[in-house]
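Here the structure is laid out as structure tokens; the discussion comes afterwards.
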Amino acid sequence: VPAFESVIEAFEGFCDADPTYCAQLAVHVGGERLLDLSQGMEKDALLPVFSSSKGASAVVISLLVERRQLDLDATVASYWPEFAQKGKGAVTVRQLLSHQAGLNGVDGGFTTEELLAHEPLAERLAAQRPLWHPGAGVEYHAVTLGTLADELVRRIDGRTLADVLSQDVTTPRGVDIFMGTPESQDHRVLEALPPTSEELAAFLANPTAGVDLAGGGGRLASLSLPSGGIFDLFARVNSVAFRRVGPPAAGMTATARGLAALYACLRHEIGGQPPLLGDETIAQMSQMQVSGKELSSGLQVRFGIMFQVPCSPRWPFGSFRAFGHDGAGGSLAFYDPVHEIGFGYTVQRLPLPGGLDARAVELSRLVREAL
Amino acid sequence: VPAFESVIEAFEGFCDADPTYCAQLAVHVGGERLLDLSQGMEKDALLPVFSSSKGASAVVISLLVERRQLDLDATVASYWPEFAQKGKGAVTVRQLLSHQAGLNGVDGGFTTEELLAHEPLAERLAAQRPLWHPGAGVEYHAVTLGTLADELVRRIDGRTLADVLSQDVTTPRGVDIFMGTPESQDHRVLEALPPTSEELAAFLANPTAGVDLAGGGGRLASLSLPSGGIFDLFARVNSVAFRRVGPPAAGMTATARGLAALYACLRHEIGGQPPLLGDETIAQMSQMQVSGKELSSGLQVRFGIMFQVPCSPRWPFGSFRAFGHDGAGGSLAFYDPVHEIGFGYTVQRLPLPGGLDARAVELSRLVREAL
Amino acid sequence: VPAFESVIEAFEGFCDADPTYCAQLAVHVGGERLLDLSQGMEKDALLPVFSSSKGASAVVISLLVERRQLDLDATVASYWPEFAQKGKGAVTVRQLLSHQAGLNGVDGGFTTEELLAHEPLAERLAAQRPLWHPGAGVEYHAVTLGTLADELVRRIDGRTLADVLSQDVTTPRGVDIFMGTPESQDHRVLEALPPTSEELAAFLANPTAGVDLAGGGGRLASLSLPSGGIFDLFARVNSVAFRRVGPPAAGMTATARGLAALYACLRHEIGGQPPLLGDETIAQMSQMQVSGKELSSGLQVRFGIMFQVPCSPRWPFGSFRAFGHDGAGGSLAFYDPVHEIGFGYTVQRLPLPGGLDARAVELSRLVREAL
């Protein structure tokens, strides 16, 4: 068993700098959980993990690839005929699921209600002309990626993405994540906390280039969010209605234990169940599909199939073989085949400017060093 | 009617900083012209607008798309068989008209005479091996893009691009632009003025990376211009011979009124004529096709089909839905569907280093703010 | 005959700044060698030229194109059926030979022994899933590019790449380079010298982003090298075993005379033999195929088919029509059609951080100025 003292020390030290720090950290190596820490909250508290949900959605897509039900090089329209509208007949699953198809939003914007109901947003995406020529650029599909993946799963499997996740992945293995949190778990759910007013003022004084946080309008990035904008979305994530549905892009609640186990179970025995995926499927899903600057923000991104893959300085969370996903609330979860690390991290207070908490990256570095 | 005081104030203020400032500004909102200003020149004076001509050429291409005569995903060779030479058989209209096909020039350079005669340059472009593998990069086709578009129009419609523009677009609507300025209009034409010698000295002391202004030689950008180089081109633009032909890439004369009306008439009734295009065609033409750094200069560019589309910091003239074109002489013209703005701006004295006049960008910002 | 005084003066001056400077410079203009200089070593001394070997490999590929035996747009698998494994069935020769196919290394790394034996590494490359989706990025295939090209040549011609080079190119023309240095030439071979310990310390204190010089591990760039890492490779390059085989990516020994003649003979009569290639083939091989930032290092690269093509600030060695290759030991060789320059440069002591010696670039600039 490796010595994780440096990781433990760092994790505990974060509350010296920030007394409000509440977080969980869990680390698997192979099938075994070797680290299980929390601070300021219970180890079994469930937190909204925002886009770390996309990692779980990617696991369901992986399962369809493993079962040879989904071919990444097929056109989306071969599974979802209505998708062929407005010049999208040749768009491949590969392009769609790596943020390259120009469907980060729809003309006129969409509402949270359309997102939660699924079909209305899926239909509008099928009828949408891509916001750029597919393949000509990359832009994070913050919300719609989940709806697009969900519709693909529904067309192929007949069940919803969330049902496949629960029935085929998490329930049999006791993986503690919920895409659609049942009432029975509500007592464990903590609210994601907004940034402090000082943090918010500093953030708003220095907005990220090209990002219109108010939503709507003529900026590409603003189309990625429901019409209320990002602060409305943050508020809704804490609502019962939102977590009960659990949209696949950003609606999951999870413990760090659950996130670590989700990635560990891909290649290792968890809960007495065999590994979920073969190495071939993992290689296909984690293969880098695009590397570039996001059209709206100019920030570096690198995606596999739905998964983020590491890149500096944006997402330096592992070896170039690693894959995972962060969340706007600060969470991080990934698998790194080089050391067989399954990593889960949650944090209650959203670190600005959103996305990957730098403390999570530091912890992941110390874990690799210890191995 | 919105209050455009801030726009008027800014426009009039520009001559405090620059007493030689001579410019026109016209703004349509929907089908109505709400601003019509000039300074140091008449409102009906015609100026050479350099590459803002490409916007008018793009309108003719749009018309062929609207009429289903041109399919952007077809190969160029399907309309123009000779184009298939030297590895160009698979080049699509989409690539060709978004500066990606490697035809910004021809081996050995070309003369202004070949440009004005059209066929000699078109034949040489058909026989040219792309200067990079099509799709592997983007470089502004400053002059040849007009010849390439013109040849496509001639092959499909039978008329020249300029004739289609005049007969089907501008004459019926009274849009005051001329691709090929007739003798009857010569009395209204002003000369584009070169930069002052101080400006020129400062510019030459700090040349844009990779740009060889003298023309010829071994630099990619220098191949984009006729053999005399850019200063010869600037001189020729003022000649009767040049404006009588009016090459579609850079040979138009226009008023700001005409430029604003050109864009307004695409979606609105102008001169008693119905809108020229359906929203579907506009969406296809203005869809971003490429975003990247120009091979020679490293400057950011973003193109739709022939149209420039906004990008920061290079061309921040509107929402991401906007489309238009600037000119080396400083002109700017665009349409922005978000506020239904048709914008036209001309300026007599070329602002260095050429291209979009920063004052035009500021005016466009104030117009959006007022709406 | 042009006056090359400035070149000679600069070349001789380099030893004022660096008394250990040992180098050769040869320049052809057309078929004639107009410069033939050396300093601190004999003009007929052979030095390991590292990746300048790739330029000679590219010449053999050019010969197959000239002979219409190889179509750059064909799939690799059409010549090498086993290559179709793991999602590589659609990879084209064009992608493969321009560092875009994701085969800079193999899972688990490879040994120098596998490289020298050829077949073991070729088989592993055929069985490898691309390290990124082919076309989604560019990364220098420092070692494997030679093996990949060699296997293509073997499948098409029946002979090894080195045999085609020797029998069809260098021996008939007396071009003094050796891909596989015979015992008879050993007396002329000098060792490439490692950097001094001061240089090495400075270099290691400031490693290039993303490059793991120790080899192995989870970094993409480290997979490009044999398992011993770059310093082991540098040591082996001086071994008899390595130079006797002469791997096509990096195993050649050459004089500057030989390098200059290699490029000159492509278009000019050398040793009484006709030019090796037609202009069409040269245009195809030197056409830029990719321009971008290397995935691991973020450094700018620009490649034709196997050849480097000039880009600033990385490889500013000629006009945009030029093509050639540098070597990690500091060598540079290229052809520039604008002045018909065949350029060869070798240097004994490796300039850090490796790759193109800045002095070679300066000499190439002075040569162009003199013409």
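Chain letters run A, B, ... following the sequence lines, proteins first and then strands; every chain starts at 1.
Two residues are said to be in side-chain contact when any heavy atoms from C-beta on lie closer than 4.5 Å; B:M288 and A:L295 meet this criterion. Contact check for A:R219 versus B:V338: no side-chain heavy atoms found under the 4.5 Å cut-off. Two residues are said to be in side-chain contact when any heavy atoms from C-beta on lie closer than 4.5 Å; A:L131 and B:R321 meet this criterion.
Neither the backbone nor the side chain of B:Q300 comes within less than 4.5 Å of any heavy atom of chain A. Looking at B:S291, the atoms closer than 4.5 Å to chain A (heavy atoms on both sides) sit in the backbone and in the side chain alike.
Note: A:H133 NE2 to B:D73 CG = 6.0 Å, rounded to the nearest 0.5 Å.
For the pair A:P130 and B:Q287, the tightest heavy-atom approach, listed with the atom from each and the gap, is O-NE2, 2.9 Å.
The contact list for residues 85-114 of chain A toward chain B, using heavy atoms and a distance under 4.5 Å, reads A:K86, A:D107 by residue number.
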